[in-house]
Protein chains: 2
Amino acid sequence: MNKPESLAHYDSIRAVQWQGDRLRLLDQRLLPQEERWIECLDAAQVTQAIKDLAVRGAPAIGIAAAWGVVLAVQRGAEAGVALARLRAARPTAVNLMWALDRMKARLDAGADAAALQREAQAIQDEDLAANRRMGELGAALIARGSGVLTHCNTGSLATAGYGTALGVIRAGVAGGRIERVYAGETRPWQQGARLTMWELVRDGIPAQLIADSAAAHLMRSGAVQWVIVGADRIAANGDTANKIGTYQLAIAARHHGVRFMVVAPSSTVDMATASGDAIEIELRDPAELLSTAGRRTVVEGAQAWNPVFDVTPAELIDAIVTERGVIEHPTPAVMRMMFAA
Amino acid sequence: MNKPESLAHYDSIRAVQWQGDRLRLLDQRLLPQEERWIECLDAAQVTQAIKDLAVRGAPAIGIAAAWGVVLAVQRGAEAGVALARLRAARPTAVNLMWALDRMKARLDAGADAAALQREAQAIQDEDLAANRRMGELGAALIARGSGVLTHCNTGSLATAGYGTALGVIRAGVAGGRIERVYAGETRPWQQGARLTMWELVRDGIPAQLIADSAAAHLMRSGAVQWVIVGADRIAANGDTANKIGTYQLAIAARHHGVRFMVVAPSSTVDMATASGDAIEIELRDPAELLSTAGRRTVVEGAQAWNPVFDVTPAELIDAIVTERGVIEHPTPAVMRMMFAA
């Protein structure tokens, strides 16, 4: 496998930036039209940024929340209250709970602000390192000359940098294994159209945007060998909660003999949740489907159902890639071997 | 089965209106924000309205084109040229070719403007009658208490009135068989969000809009027993070309044991096309995915792949409903029995 001279070319974005006394977040609601940064001076502002999707992506949410705890302590706020509010900001991604548990353990052990800052920095640095490692592991599964389809945004914007599924795509393109990249729009929030395409164009990786509903037609054409997605929570049996539409892609992939890869750091694995049935699926405001850019696009009086995640059963997943290694055809026993505490 | 006192309540829209010397078309690009009518005074304006999607839906395109031929003759234009241009306006829907063949046969037989006008009116009237009949036939397949999911717009806007798939839904709701209606947005043109929801709200039929990619998650919940769609062309073996995303729904339906119904007038059946492989799939401008309401939403430099139809193989179709009757599990032999000339 060819090693590129530098991966920097493929990894130029840092969307969550600690500034010593404030947290800068690249506002993902405005991309790609506008690159505006939000400055969070306290934990409440971080909580709001997570709720409002200014920061999104399971790993990035966890990292931002960890810095939120640091801000709470720096400002002399009640850290327990800040923790509880951050924890409740979004329900599906487990990385949020995981990062806050790490911060709480340090707090409970009497850590000062400096020690908490080191812990948050460790969470962020470990995420980047995990993404690099997953990029190598995932790309190694892909045969030279392949086409891949991804969903939502799992790149530098969704993580500490480089990305999970998009990290595998970056590594696969850099190594010459991946020749064709397709990204689904990812309604209603258009993370694929707005964010993934922005990252790919910025990195000079040729890619085609498709409507989410064109995926099966694309697979039938033979252009795609792997669907590669991230995860918001992976249950103990391998069932995976991820952005709405992931499950539909997994069904279509199986129908066409296309392989299906989930890429997520081990912090996304939730061994306390036996299966996908126990994962809470966030329902968001129907207005996200009824309006576009603040303008009503659907007739007044219309209703909408807006679940923003779904669960892909383990049996439809060919490989789960974490920084600890690759699990092909996940089962509870293999998951336990790799992830039991 | 309960008969409603009047179906008028469920069928109030006529989007293609002949005015004696001009054709009025409800501009479907502006709905639901604005109900603006286009007046076509010659065949070229009708051709343009078809190309620009001001009028869309396979049956409605055929009807509009028939009136386009009438306008050409009324204006003293060269009918053959008008016919050729109308025929080339869109490639996938066969109803366009079918309606123009009917008009051409009358022209070749020396019909005058009045006779051509009667033929176009017959095409329009027969379509409405076919939709009423298909509504009864399709609804009869649905068990009381069912939920249904539809895609794109197949209602009064897409036909002479009442609709194909949406006609079955109207009949099923009126008869008390259908309790839950879901409509997919249908990216990129949002026919489900903009048009189907507009028709359903107007008719007082409760319905929920969903993202196209939420369909499998919805099916898994058990809320849906039938997917009901229209068609742009049905090949001799039952393979069906329809709006992009239909094929993906058929795969998800089969995976969940949800049944799949195609509803289209016999003018949509193309016995000269052996299978779906021979159907030309229209690729439209990538800009339809890259911009929303004229505003660029995806980063400059991004590319997109925008097929607007796909083919659902006959083996994924549980029933094809036409005004001639219902074919369950279509095969070439049964198709030939019902549709051979």
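Given the structure is predicted, the values throughout are model-derived calculations rather than measurements. Every chain is numbered from 1 and lettered A, B, ... according to where its sequence line falls, protein lines coming before strand lines.
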Region of L316(A) that comes under 4.5 Å of a non-hydrogen atom in chain B = side chain
message = Report which part of L31(A) has an atom under 4.5 Å of a heavy atom belonging to chain B: side chain, backbone, both, or neither.
response = neither
remark   = Most heavy-atom pairs under 4.5 Å with chain B, out of D212(A), I244(A), D310(A), belong to I244(A)
ask   = How are the rings of W305(A) and H217(B) set relative to one another: parallel (under 30°), tilted (30 to 60°) or perpendicular (over 60°)?
value = parallel
ask   = R194(B) and N153(B): side-chain donor and acceptor closer than 3.5 Å?
value = no
key: Choice from G301(B), A207(B), A252(B), P188(B) maximising heavy atom contacts with chain A below 4.5 Å   = A207(B)
ask   = So does D27(A) pair up with R36(A), basic N to acidic O under 4.0 Å?
value = no
message = So N242(B) and T312(B), do their side chains get closer than 4.5 Å, heavy atoms only?
response = no
task = Sort H255(B) into side chain, backbone, both or neither according to what part of it lies under 4.5 angstrom from a heavy atom of chain A.
result = side chain
ask   = Should M261(A) and V227(A) count as side-chain neighbours, where that means a heavy-atom distance under 4.5 Å?
value = no
note = Under 4.5 Å to a heavy atom of chain A? For E185(B) that would be side chain
note = Okay, V298(A) and chain B: the region with an atom under 4.5 Å from a heavy atom over there is both
query = So which of E288(A), Q190(A), R220(A) has the biggest tally of heavy-atom pairs under 4.5 Å with chain B?
reply = R220(A)
query = What part of I281(B) gets closer than 4.5 Å to chain A, counting heavy atoms only: side chain, backbone, both or neither?
reply = side chain
ask   = Tell me, side chain or backbone of T292(A) under 4.5 Å from chain B's heavy atoms, or both, or neither?
value = side chain
inquiry  = Tell me whether R233(A) is salt-bridged to D270(A), with the criterion being a basic N under 4.0 Å from an acidic carboxylate O.
reply    = yes
remark   = Heavy-atom closest pair (I169(A) atom, I228(A) atom, distance to 0.1 Å) is CG1-CD1, 4.1 Å
Proximity breakdown for R254(A) and chain B, heavy-atom pairs closer than 4.5 Å = neither
task = Let me know if E300(A) has heavy atoms under 4.5 Å from chain B in its side chain, its backbone, both or neither.
result = backbone
key: Under 3.5 Å side-chain donor-acceptor pair for R180(B) and Q225(B)   = yes
